[in-house]
Amino acid sequence: MEKYMKILLAFFILLAGGCKKDFLDINTDPNNPSKATLALLLTHVEKAMADGMGFSGGISDITSVYMMQRSTRENPDQYGINGGSFYTYSPWNYMYSGPLQDIELMINQAEAEENVTYAGIGKICKVFLISHMVDIWGDIPFSEANKLDADNNGYPKFDKSEDIYPALFKMLSSGIADL
């Protein structure tokens, strides 16, 4: 019996010593990366920007309704658009949760990887979107937008549009210099 115990012990020692340390590390899927490359992130940002500017819940819905209200011969208030309507809050929510958040991610990742070209493209894209948002809504969250502080402030302050434009010109110059 003692002979079998020694053989069994030797077998387990050989078995344990022969395995690699990451033998059971099966939870890392090489086909599903946890971090997107800058090229793929840029493609996603461009698509999200086009969706946010287009119809079907984009900024174009707001501007087309406003134009119709200004140029129609019928009752100008027949569409009844207000601050709580789908045409107003849908693009607002989409812009902050979609392309602007991804643009921030792209800029931060590009700067961390010291890839100034993608950082410049991200800054120019951000200027483009923010300038359209300021043109439509006026005062918007800019300096604290998409940046949760230590208190997880989900309600960033609204910056005045006259303060946003100089910051946009500075960001545009920085983006051009990066390119």
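Predicted model, so just to flag it, every value in this text is computed and none were measured.
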K.L.:
Of all heavy-atom pairs between Glu111 and Ala119, which one has the smallest distance, and what is that distance?
P.N.:
CG-CB, 4.1 Å
K.L.:
The criterion is side chain to side chain donor-acceptor pair (under 3.5 Å); which residues satisfy it with Ser143, sequence neighbours excluded?
P.N.:
Asp159
K.L.:
Supply the atom-to-atom distance Ile136 CD1 to Ser131 OG, rounded to the nearest 0.5 angstrom.
P.N.:
9.5 Å
K.L.:
Distance check, rounded to the nearest 0.5 Å: Asp139 atom CG versus Met133 atom CE?
P.N.:
12.5 Å
K.L.:
Do any side-chain atoms of residues 165-179 form donor-acceptor pairs under 3.5 angstrom with protein atoms, and if so which ones, sequence neighbours left out?
P.N.:
| from | atom 1 | to | atom 2 | distance (Å) |
| --- | --- | --- | --- | --- |
| Tyr165 | OH | Asp135 | OD1 | 2.3 |
| Ser173 | OG | Phe169 | O | 3.1 |
| Ser174 | OG | Lys123 | NZ | 2.9 |
| Asp178 | OD2 | Lys123 | NZ | 2.8 |

K.L.:
I'd like to know whether CD of Glu162 has more than 12 heavy-atom contacts from other residues, nucleotides or ligands below 6.0 angstrom.
P.N.:
yes
K.L.:
Atom CE of Met106 and atom CD of Gln101: how far apart are they, to the nearest 0.5 Å?
P.N.:
14.0 Å
K.L.:
Identify, with sequence neighbours excluded, every residue that meets side chain to side chain donor-acceptor pair (under 3.5 Å) alongside Lys47.
P.N.:
Asp51
K.L.:
Mind checking ring-ring contact (aromatic ring centres under 6.0 Å, His included) for Phe128 and listing every partner two or more places apart, or none if nothing turns up?
P.N.:
His132
K.L.:
According to a 4.5 Å side-chain heavy-atom criterion applied to Ile, Leu, Val, Met, Phe, Trp and Tyr, with indirect links allowed, do Val116 and Val45 form part of one hydrophobic cluster?
P.N.:
no
K.L.:
What heavy-atom pair brings Glu144 and Lys157 nearest, and what distance separates the two atoms?
P.N.:
OE1-N, 3.0 Å
K.L.:
Sequence neighbours excluded, which residues qualify as side chain to side chain donor-acceptor pair (under 3.5 Å) partners of Glu104?
P.N.:
Lys126
K.L.:
Let me confirm one number: the CD1-CD1 distance from Ile140 to Ile164, rounded to the nearest 0.5 Å.
P.N.:
4.5 Å
K.L.:
Going from CD1 on Ile107 to SG on Cys125, what distance comes out if it is rounded to the nearest 0.5 angstrom?
P.N.:
8.5 Å
K.L.:
Identify the two heavy atoms, one from Ser161 and one from Gly138, that lie closest to each other, and give their separation to 0.1 Å.
P.N.:
CB-O, 3.9 Å
K.L.:
Just verifying a value: how many Å separate Met95 CE and Leu129 CG, rounded to the nearest 0.5 Å?
P.N.:
5.0 Å
K.L.:
Who passes ring-ring contact (aromatic ring centres under 6.0 Å, His included) against Tyr96, sequence neighbours left out?
P.N.:
Trp92
K.L.:
In chain order, what residues pass the side-chain contact (heavy atoms from CB on, under 4.5 Å) check against Thr37, with sequence neighbours excluded?
P.N.:
Ala39, Leu40
K.L.:
Tell me every residue that passes side-chain contact (heavy atoms from CB on, under 4.5 Å) with Glu46, counting only those two or more places apart in sequence or in another chain.
P.N.:
Leu42
K.L.:
I'd like to know if Phe142 and Leu105 are part of one continuous hydrophobic network [Ile/Leu/Val/Met/Phe/Trp/Tyr, side-chain heavy atoms within less than 4.5 Å].
P.N.:
yes
